[in-house]
Trainee: 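There's a structure below that I have some questions on.
Order of appearance sets the numbers: ligands from 1, and atoms from 1 within every ligand.
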Amino acid sequence: MSGDRTSPDAGLDAVRGLLAFYLDAGVDALLVETPQDRLRPDDLAAHSPAPQAVTTAVAAPPTSTPRHSAPARAAAPAAREPVGAAPATPDDAVMAARTAARSAATLEELAAILAGFEGCPLKATATRLCFADGRPGAPVMFVGEAPGRDEDLEGLPFVGRSGKLLDRMMAAIGLARSDTYIANVVPWRPPGNRTPTPLETQICLPFIQRQIELADPDVLVCLGAPAAQTLIGTREGIMKTRGRWFTYHTGRREIRAIATLHPAYLLRQPLAKRLAWRDFLAIKAALAAARPGAPT
Ligand code: URA
């Protein structure tokens, strides 16, 4: 008998080490039971996800309903049952998203349409749809990149560590969550918190654009570079973009838009909070100018 190499403890340690490695690499969700070699050329074609059907009729899916909701929080979306053929190509999926988003007359309808939309592959791996938090119609709307693990479990944007910091930053300029409306460009968590692919972002874009239009804020705040690049269209890095005012066309009217540093970045780089503080003071001033009589 040789010692450690065959002992049950050594085997367990090896498994624990492997799981720790996966977690560090952001792999924290099991997608299929058997391992897949996605680098084999024949597997690449077989596994590229075809976008699926857009939907139109209503039913409530357990996977898209937040576990709790405060009065100020957005209503849990009721999903629509899939009808029609799956979009055959990525372009079809983007077109289907545009048509579906345009068909929503209210935020509730938009949430229901999104909850039943099968054209974005992220829906299949996410636990819940994270549609929005805060108060529709609030003067300021914050938009992040995509939900993380906590958001995916709760079905609400910015409820994890980044969200707690965002709450404190908003409170510092006199805003409670219920004074704001909060969403993400991509409403489903990418597996392992990876960055959404450009196609996933393009498919989700019509929905967040429509959400901004229907929420109708006076001021739009993009949290981090991905949200700024997607919504404002800037190609520059966040350090160049942050703190500058842009005009955003909602489809109904022009509003003011600004980008600031993402709270997750500020958790890693606390010294950068002074830059974010300047941005938040600018947001406070813009809100006071947009609604002069409102409490500040
Ligand atoms: N990061 C985001 O961009 N959005 C969230 O909802 C949470 C973390």
Trainee: Is it the case that ligand 1 has an N or O less than 3.5 angstrom from some N or O of Ala146?
Mentor: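 The answer is yes, given that Ala146 and ligand 1 share an N or O pair closer than 3.5 Å.
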
Trainee: Any nitrogen or oxygen of Asn184, main chain or side chain, under 3.5 Å from a nitrogen or oxygen of ligand 1?
Mentor: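 There is such a contact, yes.
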
Trainee: Do the non-hydrogen side-chain atoms of Lys164 and Asp150 ever get within less than 4.5 Å of each other?
Mentor: no

Trainee: Taking only heavy atoms of Pro157, which atoms of ligand 1 are found under 4.0 Å from at least one of them?
Mentor: 6 (O)

Trainee: Do the side chains of Met95 and Phe117 join up, straight or via other hydrophobic residues, at under 4.5 Å, putting them in one cluster?
Mentor: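 In one cluster with Met95: Phe117, no.
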
Trainee: Mind checking the CD1-SG spacing from Ile258 to Cys222? Nearest 0.5 Å is all I need.
Mentor: 9.5 Å

Trainee: Looking at Asp218 and Arg253, is there a salt bridge between them, counting it only when a charged N and a carboxylate O are closer than 4.0 Å?
Mentor: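 A salt bridge links Arg253 with Asp218.
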
Trainee: State, with a plain yes or no, whether a side-chain heavy atom of Ile208 is found less than 4.5 Å away from one of Thr230.
Mentor: no

Trainee: Suppose I only count heavy atoms of Phe158 and a 4.0 Å limit; which atoms of ligand 1 are within that range?
Mentor: 1 (N), 2 (C), 3 (O), 4 (N), 5 (C), 6 (O), 7 (C), 8 (C)

Trainee: Identify, by atom number and element, the atoms of ligand 1 in contact range of His262, meaning under 4.0 Å from any of its heavy atoms.
Mentor: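 Listed by number with element, the hits are 1 (N), 2 (C), 3 (O).
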
Trainee: Show me which atoms of ligand 1 lie under 4.0 Å from any heavy atom of Gly144.
Mentor: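 Contacts of ligand 1 toward Gly144, numbered from 1: 3 (O).
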
Trainee: Answer yes if Phe246 and Val221 sit in the same cluster of Ile, Leu, Val, Met, Phe, Trp and Tyr residues linked by side chain heavy atoms under 4.5 Å apart, and no otherwise.
Mentor: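 No.
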
Trainee: Please determine if Gly148 has a nitrogen or oxygen closer than 3.5 Å to a nitrogen or oxygen of ligand 1.
Mentor: no

